[in-house]
Amino acid sequence: MKIYVATHNAHKISEMAAILPKGTELVPDDPGVEETGETFEENALLKARATARRHPGEWTLADDSGLETAALGGAPGVRSARFAGEPVSTARNNAKLLAELAGAADRSARFRCCIALVAPDGTESVVQGVCPGRIAESASGAEGFGYDPLFVPDGRDRTFAELGPDEKNAISHRGAALRAAGKVLFP
Ligand code: IMP
């Protein structure tokens with residue numbers, strides 16, 4: 001089954017390919033829409049619908065995800081990619097997060113991922129996955145992307161960036177959302 005995926009992020013495509021059933025052909029096609037939604041769900045739907053308009057009669061999938069911290073009232077949230085402003089910089093985002101959490105008693109956080117799907121007949125579905133954890137005092141690990149070097153999932157004492165892709169996919173927000181998306185795609 002061919003699915004057009006609204007992203008240009010090669011990391012995401014490979015994470016998705018590892019989780020969705022074999023035989024799923026993921027074709028990246030970023031529609032370039034502005035993510036103006038106030039929630040992950042709104043942004044995922046904006047991107048999936050824009051991709052569906054480019055490929056009528058095909059499956060399209062879009063995800064929107066980010067990190068929510070308790071001490072910052074849910075920030076960076078939908079602004080995770082641009083937390084430290086433009087141009088987007090993972091290093092500055094991570095440095096800003098550590099600075100804003102300095103001295104915080106509560107370092108609990110969660111990654112959230114919403115996936116919107118548009119079926120060939122136009123039917124829309126939204127699924128989501130959440131991964132609870134906490135923000136480490138400093139970065140460690142070289143795998144993954146984004147906030148991975150700072151995020152320690154519950155039940156582990158290493159960051160996502162130290163776990164490697166298979167262990168991350170088994171517990172991550174995107175893994176959970178993709179397994180739910182798999183049930184929509186292959187009922
Ligand atoms: P997007 O809008 O779904 O591309 O994600 C927004 C931002 O959230 C990314 O640029 C990352 O900063 C962050 N993010 C989302 N998922 C992950 C993840 O699995 N690891 C680390 N950072 C993530």
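Numbers here simply count residues along the sequence, with the first being 1. Every number for a ligand or one of its atoms is a count from 1 in the order of the listing.
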Sub-3.5 Å N/O-N/O distance, Asp148 and ligand 1
yes
If you measure every N/O of Asn93 against every N/O of ligand 1, is any gap under 3.5 Å?
no
Closest to atom 6 (C) of ligand 1 (judged by heavy-atom distance), picking from Gly146, Cys114, Ser65:
Ser65
If you measure from atom 8 (O) of ligand 1 to every heavy atom of Ser172, Ser80, Ala161, which option wins on shortest distance?
Ser80
Enumerated ligand 1 atoms positioned under 4.0 Å from heavy atoms of [X]:
X	answer
Arg174	15 (C), 16 (N), 17 (C), 19 (O)
His173	16 (N), 17 (C), 18 (C), 19 (O)
Lys12	1 (P), 3 (O), 4 (O)
Lys168	18 (C), 19 (O), 20 (N)

Tell me: protein heavy atom nearest [atom], and distance?
atom	answer
atom 22 (N) of ligand 1	Tyr147 N, 3.1 Å
atom 17 (C) of ligand 1	Phe145 CZ, 3.5 Å
atom 23 (C) of ligand 1	Phe111 CE2, 3.5 Å
atom 10 (O) of ligand 1	Ala81 CB, 3.5 Å
atom 2 (O) of ligand 1	Asp64 OD1, 3.0 Å

Can Phe160 be said to touch ligand 1, with heavy atoms closer than 4.0 Å?
no
Would you call Glu38 and Arg79 a salt bridge, using N to O less than 4.0 angstrom?
yes
Taking NZ, NE, NH1 and NH2 as the nitrogens, is one of them in Arg158 or Glu167 under 4.0 Å from a carboxylate oxygen of the other?
yes
Side-chain atoms of residues 176-183: list all donor-acceptor pairs with protein atoms under 3.5 Å, sequence neighbours left out, distances to 0.1 Å.
residue: Arg179; atom: NH1; partner: Asn169; partner atom: O; Å: 3.2
residue: Arg179; atom: NH2; partner: Ala170; partner atom: O; Å: 3.2

Just by distance, do the side chain of Asn93 and the backbone of Ala84 share a donor-acceptor pair under 3.5 Å?
yes
Which pairs count as ring-ring contact (aromatic ring centres under 6.0 Å, His included) when at least one residue sits in residues 127-152, sequence neighbours excluded?
His11-Phe145, Phe111-Phe151, Phe151-Phe160
What closest approach, in Å, do Ala109 and Leu67 show between heavy atoms, and which atom pair accounts for it?
CB-CD1, 4.1 Å
What are the two closest non-hydrogen atoms of Glu35 and Asn43, and how far apart are they?
C-OD1, 3.3 Å
So if you build clusters from Ile, Leu, Val, Met, Phe, Trp, Tyr with side-chain heavy-atom gaps below 4.5 Å, do Ile19 and Val184 land together?
yes
Pairwise distance CD1(Ile115) to CE(Met16) - rounded to 0.5 angstrom
5.5 Å
